[in-house]
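Being a predicted model, the structure only gives us computed values, none of them experimental.
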Amino acid sequence: MSLSRAWAESYSKIPEELSNETTRVLTRILKEYMPPIQKKHIKYKYFPLNQLEMAIKEVTAHSLGWCYIASSIGIETGFGNIPDKNLAKYIERINEPILKYLAGYIDYLWDRRKFKDKEAHNLIDLLRNIIIQGSNSLVITGSK
């Protein structure tokens, strides 16, 4: 989070194309990945609604921070500060924590047998695709 804050504060204005791509990726996380998890939590009343709302805010904050870092990697690559040969390593490094963090919401429900194996695997695959595609698109957009 401190890296994303530093990045966001280092620019007087975030380029519109990058802002739009960040919104697109964040929307995919919140509209494609989170709804099945929210429905299960509401159905089985694991958290009071106010705690579930707080969890969504946390997911949004962490995901937005990840978007900023992916974008900054693209920007720094565009400036030549990150060599292209190191790009995959940087992307892998930023994707790993967000994947673990977001997958934790599935694990919680799967451990309690509220997600069937196939359902959990499908959500993990969806999450992985969103994160990989999102980081790639943010890096590419940032590098322009």
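A 4.5 Å side-chain heavy-atom check between W66 and N95 finds at least one atom pair inside the cut-off. In this structure, the side chains of I106 and Y33 come closer than 4.5 Å at one or more pairs of heavy atoms.
In terms of modelled atom types and a separation under 3.5 Å, the side chain of S63 and the main chain of T60 share no donor-acceptor contact. Between the side chain of S72 and the backbone N or O of I69, at least one donor-acceptor pair lies under 3.5 Å.
Separation of atoms CZ (R128) and NE2 (H121) is listed at 10.5 Å; rounding is to 0.5 Å. Here the straight-line distance linking atom CG of N81 with atom CD1 of I75 works out to 11.0 Å at 0.5 Å rounding. Within the model, atoms CG of L102 and CD1 of I130 stand 9.0 Å from one another, a figure rounded to the nearest 0.5 Å. Interatomic distance, CG of L123 versus OH of Y105, reported as 14.0 Å (0.5 Å rounding). Summarising the geometry, atom CG belonging to L30 is positioned 8.0 Å from atom CD belonging to Q38; distances are rounded to the nearest 0.5 Å.
Put simply, L52 and M54 are part of two different groups of oily side chains (I, L, V, M, F, W, Y) that touch within less than 4.5 Å, one to the next. Hydrophobic clustering (ILVMFWY, side-chain heavy atoms < 4.5 Å, transitive): Y90 and I140 are in distinct clusters. In the hydrophobic cluster analysis, where Ile, Leu, Val, Met, Phe, Trp and Tyr join through side-chain heavy atoms closer than 4.5 angstrom, I132 is grouped apart from Y101.
Nearest heavy atoms, T22 versus C67: CG2-CB, 3.6 Å. L127 and A103 make their closest contact through CD2-N, 3.7 Å (heavy atoms, listed as atom of the first residue, atom of the second, distance). When all heavy atoms of S71 and L18 are compared, the pair lying nearest together is OG-CD1, 3.4 Å. The heavy-atom pair separating I73 from I82 by the smallest distance is O-CD1, 4.0 Å.
E21 and R24 are joined by a salt bridge, as a carboxylate oxygen and a charged side-chain nitrogen come within less than 4.0 angstrom of each other. By the 4.0 Å N-to-carboxylate-O rule, K100 lies close enough to E96 to be salt-bridged with it.
Around the CD atom of E92, the shell of radius 6.0 Å holds no more than 12 heavy atoms that belong to other residues, nucleotides or ligands.
Taking E32 as the reference, R28 meet the salt bridge (Lys or Arg N to Asp or Glu O under 4.0 Å) condition, with sequence neighbours excluded.
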